[in-house]
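Here the structure comes first, spelled out in structure tokens, and everything after it is commentary.
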Amino acid sequence: MQQRFAQQLKKGALDMLVLKLLAPEEKYGYQLISELRDQTSGQLSLKEGTLYPILYRLEDTNLVKSRMGDHEGREPTRKYYAITKQGRAALREMYEIWNEFDGCVKSIMERNEEL
């Protein structure tokens, strides 16, 4: 039960978190996975099979755009993702909604009643 609940909460926040990580600069997929894992002390450790569908969905809705990087030696060519102007606006809206939701949950859960 706990694992399923945690997965559902994470799933609802991942689009917003990916956009936030892309806000300062463009990044490639593994870089996003690493930053998300590192910035959450491993709490949000994604697999490629989870991240890439999110990136494709964000790209399909014009919230991010992608470009192929330059080929460098033996390194594979990387696909870089960048947030768009529309993506920045969506990120602000998502964060407002998240804050409102968080406030509602806290107002109920922090009542002095027994859990």
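Along the sequence shown, residues carry numbers from 1. Atoms considered below: every heavy atom in the structure, side chains included; atoms not considered: hydrogens, waters and symmetry mates.
Distance alone, capped at 3.5 Å, places no donor-acceptor pair between the K27 side chain and the E35 backbone. Between the side chain of R88 and the backbone N or O of A23, at least one donor-acceptor pair lies under 3.5 Å. In terms of modelled atom types and a separation under 3.5 Å, the side chain of T84 and the main chain of N62 share a donor-acceptor contact. Remark: side-chain polar atoms of T50 are not paired, donor with acceptor, to backbone N or O of L46 under 3.5 angstrom. When atom types are taken as modelled, the side chain of S34 and the backbone of Q31 share no donor-acceptor pair closer than 3.5 angstrom.
Cluster annotation: I83 is connected to W98 through the hydrophobic network of ILVMFWY side chains, with a link wherever side-chain heavy atoms come within less than 4.5 Å. Hydrophobic clustering (side-chain heavy atoms under 4.5 Å, transitive across Ile, Leu, Val, Met, Phe, Trp, Tyr) groups L22 together with Y56. F101 and M94 end up in different hydrophobic clusters when Ile, Leu, Val, Met, Phe, Trp and Tyr side chains are linked at under 4.5 Å. In terms of hydrophobic clustering, with Ile, Leu, Val, Met, Phe, Trp and Tyr side chains grouped at heavy-atom distances under 4.5 Å, L36 and Y80 are assigned to different clusters.
Counting heavy-atom neighbours within 6.0 Å of K20 NZ, excluding the residue itself, gives a total of 12 or less. The number of heavy atoms from other shown groups lying within 6.0 Å of CZ (R67) is above 12.
Not counting sequence neighbours, Y30 has no partner by the ring pair (Phe, Tyr, Trp, His ring centres under 6.0 Å) test. Taking K106 as the reference, D102, E110 meet the side-chain contact (heavy atoms from CB on, under 4.5 Å) condition, with sequence neighbours excluded. Applying the side-chain contact (heavy atoms from CB on, under 4.5 Å) test to S107 and every residue at least two apart in sequence or in another chain returns nothing. Under the salt bridge (Lys or Arg N to Asp or Glu O under 4.0 Å) criterion, K47 pairs with no residue at all, not counting sequence neighbours. By the side-chain contact (heavy atoms from CB on, under 4.5 Å) test, S66 pairs with E59, K79, Y81, sequence neighbours left out. Partners of E93 under the side-chain contact (heavy atoms from CB on, under 4.5 Å) rule, at least two apart in sequence or in another chain, do not exist in this structure.
Remark: Y28 OH to I33 CD1 distance equals 10.5 Å, nearest 0.5 Å.
Paired with V64 under the rule side chain to side chain contact (heavy atoms under 4.5 Å, CB included), one option of L19, V18, D15 passes, and it is L19.
Nearest heavy-atom pair across L63 and Q86 is CD2-O, 3.7 Å. Considering all non-hydrogen atoms of both residues, L32 and L51 come closest at CB-CD2, 4.0 Å.
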Verdict with reasoning, E26 to K65, per salt bridge (Lys or Arg N to Asp or Glu O under 4.0 Å): CA-CA 9 Å; E26 67 179 11; K65 61 184 177 181; over 6 Å; no
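Q7 is listed as a side-chain neighbour of Q3, based on a closest heavy-atom distance under 4.5 Å. For the pair L44 and K10, the minimum side-chain heavy-atom distance is below 4.5 Å.
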